[in-house]
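Data block below; observations after.
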Amino acid sequence: MAHHQIFWFNPRYILFIHLVLNETIQLTLSISLYIFANAFYTIYVSLCILLLLPAILTTRNTPVNLACMAAECYISVCIPLRYDNICTVKKTYIIIAIMWVISLLTILPDIFILFITEELHFLKMRVFCDRDRVFRSSYSKNKRNASHIFFLVVVCLILFYTYFRILFVAKAANSDAKKAKNTILLHGFQMLMCMTLSSLAF
């Protein structure tokens, strides 16, 4: 029992579990969208929105979660004496909540614009379920591109900063630092993949 409790009382594992759950939701929704597209080709706009919103949110969450995991590695290696004060379970859950709020704030303007610019009957129309066909405003498309670039730059800066700081510490041949360095590299690869996919998806 005590062995399993570490997953719920260790910030690193909490962030990892959240990443896995987030990716599971994203994969489930992506498969659902693919099935709907092939089986029905078109679906009602209202149903499409219900599928798209959580898919977009989870897609946005992934790079932010990776950045948080990289920051946690950095704190554990570079400032270990302050780790227990900075990385607490409560703060980790707060960060996860903030993560979802940030992702939600990136999509809320699109929803408001949709209801302002489109007629009510548009929600009852059948369309191929694609983000550009639902959120058709040019503002929404420009905002999406700008937010992609912003998230990419911020997450890349965090990953580069944490990696090189950990790399500097790893020169002391600390095994934990070397593991953390490899972990940050993995996060960088994951981030590159998810940003590439998110720029093409939805």
Side-chain angles (χ1 to χ4, degrees), residues 1-29 53-111 143 146-172 174-195 197-198:
M1 184 69 177
H3 177 71
H4 294 288
Q5 285 182 345
I6 191 173
F7 292 109
W8 304 108
F9 294 99
N10 186 309
R12 183 170 300 175
Y13 290 120
I14 292 170
L15 287 170
F16 177 73
I17 290 168
H18 176 258
L19 179 67
V20 172
L21 290 174
N22 185 80
E23 294 298 300
T24 302
I25 295 169
Q26 183 188 27
L27 182 62
T28 302
L29 290 167
L53 287 182
I56 294 168
L57 288 175
T58 50
T59 300
R60 182 67 72 208
N61 277 345
T62 300
V64 181
N65 201 117
L66 291 172
C68 291
M69 292 173 75
E72 187 274 337
C73 282
Y74 162 76
I75 294 168
S76 68
V77 172
C78 298
I79 42 177
L81 296 178
R82 297 182 60 191
Y83 179 84
D84 290 335
N85 292 327
I86 298 173
C87 298
T88 64
V89 172
K90 182 179 179 181
K91 288 179 181 177
T92 304
Y93 284 120
I94 290 172
I95 287 171
I96 289 172
I98 292 171
M99 196 183 303
W100 281 92
V101 170
I102 291 172
S103 297
L104 187 60
L105 289 175
T106 63
I107 190 63
L108 276 179
D110 293 334
I111 298 172
K143 183 196 66 64
S147 63
H148 274 315
I149 294 170
F150 175 77
F151 273 77
L152 176 64
V153 170
V154 171
V155 173
C156 282
L157 286 174
I158 291 171
L159 290 175
F160 277 120
Y161 177 79
T162 54
Y163 176 75
F164 285 109
R165 287 300 300 269
I166 291 171
L167 183 65
F168 181 76
V169 174
K171 288 181 179 179
N174 183 309
S175 60
D176 289 337
K178 288 183 177 179
K179 288 179 184 177
K181 180 188 71 172
N182 293 333
T183 301
I184 300 295
L185 275 178
L186 177 61
H187 292 337
F189 179 69
Q190 289 174 305
M191 188 277 299
L192 183 63
M193 287 186 63
C194 79
M195 292 305 289
L197 290 173
S198 66

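Quick caveat, the model's predicted, so the values are computed rather than measured. Excluded from the calculations below are hydrogen atoms, water molecules and symmetry mates; all remaining heavy atoms, backbone and side chain alike, are included.
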Looking only at non-hydrogen atoms, find the nearest pair between [X] and [Y] and report the distance.
X: I75; Y: C87; value: CD1-SG, 3.9 Å
X: C68; Y: I95; value: SG-CG2, 3.6 Å
X: D84; Y: T88; value: O-CG2, 3.3 Å

Gap between atom [atom2] of [Y] and atom [atom1] of [X] - 0.5 Å precision:
X: Y93; Y: M99; atom1: OH; atom2: CE; result: 12.5 Å
X: T58; Y: L19; atom1: OG1; atom2: CG; result: 11.0 Å
X: I158; Y: Y74; atom1: CD1; atom2: OH; result: 12.0 Å

Would you say OH of Y83 has more than 12 non-hydrogen atoms from neighbouring residues, nucleotides or ligands within 6.0 angstrom? yes

Say whether R12 and S76, considering side chains only, have a donor N or O and an acceptor N or O under 3.5 Å apart. yes

Short side-chain donor-acceptor distance under 3.5 Å, E23 and T62: yes

Is there side-chain contact between [X] and [Y], with at least one heavy-atom pair below 4.5 Å?
X: H18; Y: W100; answer: yes
X: I102; Y: F151; answer: yes
X: I98; Y: I94; answer: yes
X: I96; Y: L15; answer: yes
X: I111; Y: L53; answer: yes
X: L159; Y: V155; answer: yes

With distance as the sole test, does [X] use its side chain to make a donor-acceptor pair with the main-chain N or O of [Y] at under 3.5 Å?
X: K91; Y: P11; answer: no
X: N22; Y: N61; answer: no
X: K143; Y: T106; answer: yes

